[in-house]
Structure formats: structure tokens, C-alpha cells
Number of protein chains: 2
Amino acid sequence: MSLADDIRAKGRRMTVQRRLVLDALERARHHTTAEEIARRIRARYPQIDPSTVYRNLEVLEELGYVTHTHLDDRVTRWFRADAERHGHLVCRRCGAEQEIDFQVLAPLARRLREEHGFRADLAHSAVVGICRQCAAVSSG
Amino acid sequence: MSLADDIRAKGRRMTVQRRLVLDALERARHHTTAEEIARRIRARYPQIDPSTVYRNLEVLEELGYVTHTHLDDRVTRWFRADAERHGHLVCRRCGAEQEIDFQVLAPLARRLREEHGFRADLAHSAVVGICRQCAAVSSG
DNA sequence: TTACCTGCAAACTGTTTGCCGCTGT
DNA sequence: ACAGCGGCAAACAGTTTGCAGGTAA
């Protein structure tokens, strides 16, 4: 069963716009913003409205294909739900993003679950801090 | 040396508005938003403009008295820099916020520092997931 | 045929900025 | 006296919504 069939089975349609949004998420290596997706799509297909991108991200999330999170700014970041789970380190100084193996986060997830009954989704939120380079600069 | 003196020593002034913002942060138990602070101040002193609150939060952060973070939405959260360090669990389903002891997060912070040279600020970002209650509901 | 979906324009929220007169030091 | 500061109004970025016509199934 293709993704398109899957979408149809859920009472939705596979439109050109929806496909383009999915493809854009596919191509984006890391978390992207709706505006970035819209920008890339519109570079080639300028007829497509940004609001369509927002609406598609919303239904794709509802259907379980994508999810979103917030890094250290006010912008919503989107990515495929089936992406390999990994954590994010974001430097609050230089803004650099770095991926880390999910295994590093697993012990915390386990503890939160055992001690607080909380199903943490550590792959979704970024860990904010100061990266090695910036730390080196500020400490001399 | 009082906080006012400290501020003056840094070439800034202690104005009524600045004091009100500091007091509002003092009274707020948890992280608050600039709008919430403005709302509370304006309930009693309606002359004070929201933009003044934003500007004050900015300089107070620059001076090191307050910091901000982002939970699971697009809104900036502010709190006193000297507040006791603690983590936040935010439920993406019901929105409930829960504080956790910083000790729970410490091992991860240590590992990120040792393995990635990254100075994580785990007290700043919230951990997103599903809380015990919501998990109970969805699993039957 | 009929929901679902789209483009367009306009609204909306949280935040920032320019201007200019005021005020703490 | 003179930088820092505040109030006001307007701009701004990111996002959402209402509408009316278009399109997948």
C-alpha cells in the first residue's frame, strides 16, 4: 500500500501540493520550517501559496506522517515522523545545530518514564546550550 | 550592594518600570510570558506599555538577571536567572507543565559535556512528551 | 457528486522598532 | 547635561482563517 493509498484510505486526497510538501520534507535533512518548505516549493512552483503548505503540514501531522517541534526560537520545525530518531543540540550563541545519537538520550527517557510516568519525546525537543566552539571562545 | 546599585554600576538605571518587571518575575512561580507580565503590571498601572516590558526583559537578560526559554509553543518564557534550577516536563496533549528536580537531568548534561563538549542548559528547555494522565487515557 | 482542497486576501498573535519627549544619575 | 529610558503608533514575522471556486475519488 503506497503512501498515496494510505492517505486515501484515511479519507484524504493526494494532491500535487501535498506531494510537494512531503517531497520537501523528504529532501530536508534536518528539521525545517514551514516558510523554508514554502520558499523551496515556490522557487519552482510560485503558484503554490504558503498557507497551503501550512495546511498540509497540519493534516500530515494529524495523519501521523510528520511531526513538529520548537528549537530555541519562535519558529515551528517540521520533520518526517519516520525519520531516524536522534537528538538535537542547538547552540544558543551561534545557532549551530548538531545531531546526536538517540542512545545518549535514552537513559533520561527511561528515568522520566519510571519515576514520573512521563513518556518523554526527547527526539522532538532540542537541547539548548553552548557548543564546544563558542565555549572555547568565551573562556579565552 | 543592592540590585539597584548593581544595575547602576553597569551603566543602567533603576526605573519604576524596570522594578515592576523584576517584581513581576519575582512573584511568578514558574516561567511566564512577556504578555502575562505586561498584563499583570497593566492591571494596576495601565500607563505602562507592553513594549516597555519587552525592552526591560531584554536588558535584564543582557545584565544577567533573567533568562528565557521556549516550551512547546511559539511563546518566549521568562524567569529569574537565580531561580532554583529545575527541569520542565510539558505534555503535548493536555499542555500540563510539571517541574522536576534538576538532578534527574544532570547525568545527561554531564554526558553531553564529556562526549560532545556541549554545555547543555537543560533547565531552559522543556522536555516534551505525554504525561501520566494522558498516557492512561490513550492506552485505555 | 461531494467532500476535500486550493489560492487569495485579510486577520491575528507575539514581538520589535522609530520617534521624540522625559528622567535618573 | 545627557545618555538611558518610556509611551505611542506603526511595522514586523510567522501563522491562521474566511471565502469562493477547483479537483480528486
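We name chains A, B, ... by the order of the sequence lines, and we start the count at 1 in each one. Every value quoted in this text rests on a predicted model; they were computed, and no experiment measured them.
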Subject >> Residues clustered with B/Y54, ILVMFWY side-chain links under 4.5 angstrom >> reply: none
Original post:
Taking NZ, NE, NH1 and NH2 as the nitrogens, is one of them in B/R19 or B/D23 under 4.0 Å from a carboxylate oxygen of the other?
Top reply: yes
Original post:
When you look at CD of B/E84, are more than 12 heavy atoms from neighbouring residues, nucleotides or ligands closer to it than 6.0 Å?
Top reply: no
Original post:
Is a donor on one side and an acceptor on the other found under 3.5 Å between the side chain of B/Q17 and the backbone of B/I48?
Top reply: no
**OP:** Examine A/F102 together with A/H86 and report whether their ring centres are nearer than 6.0 Å.
**Re:** no
**OP:** Can you tell me the distance, in whole Å, between the CG atom of B/L63 and the C1' atom of D/dG4?
**Re:** 12 Å
Original post:
So does A/R77 pair up with A/E36, basic N to acidic O under 4.0 Å?
Top reply: no
Original post:
Going by heavy atoms closer than 4.0 Å, what residues in residues 36-46 of chain B are next to DNA chain C?
Top reply: none
**OP:** Look at the side chain of B/H116 and the backbone N and O of B/E114, then say whether any donor-acceptor pair between them is shorter than 3.5 Å.
**Re:** no
Original post:
A/D49 has an atom CG; how far is it from atom P of D/dA20, in whole Å?
Top reply: 17 Å
Original post:
Can you hop from B/L122 to A/L112 via hydrophobic side chains spaced under 4.5 Å?
Top reply: yes
Subject >> ILVMFWY network linking B/I37 to B/M14, side-chain heavy atoms under 4.5 angstrom >> reply: yes
Could I get a table of every N or O pair under 3.5 Å where one atom is in the protein and the other is in nucleotides 10-13 of chain D?
none

Original post:
Taking DNA chain C as the partner, which of residues 50-62 of chain A come within under 4.0 angstrom of it by heavy atom?
Top reply: A/S51, A/T52, A/R55, A/N56
Original post:
Can you check whether A/R80 reaches A/T67 side chain to side chain, under 4.5 Å on heavy atoms?
Top reply: no
Original post:
Just how far, in rounded Å, is P of D/dG14 from NE2 of A/H70?
Top reply: 14 Å
Subject >> Hydrophobic cluster membership, A/V66 vs B/I130, 4.5 Å side-chain cutoff >> reply: no
Original post:
For DNA chain C, what residues of residues 5-21 of chain A have any heavy atom nearer than 4.0 Å?
Top reply: A/G11, A/R12, A/R13, A/T15, A/Q17, A/R18
**OP:** May I have all residue pairs that pass salt bridge (Lys or Arg N to Asp or Glu O under 4.0 Å) and include part of residues 3-16 of chain B, sequence neighbours excluded?
**Re:** B/D5-B/R8, B/D6-B/K10, B/R12-B/E62
Original post:
Which whole-number value in Å describes the distance from B/D73 CG to D/dT16 C1'?
Top reply: 16 Å
Original post:
Between B/R77 (CZ) and C/dG14 (P), how many Å, whole number?
Top reply: 10 Å
Original post:
Aromatic rings A/W78 and A/H68: how do their planes relate, parallel, tilted or perpendicular, breaks at 30° and 60°?
Top reply: tilted
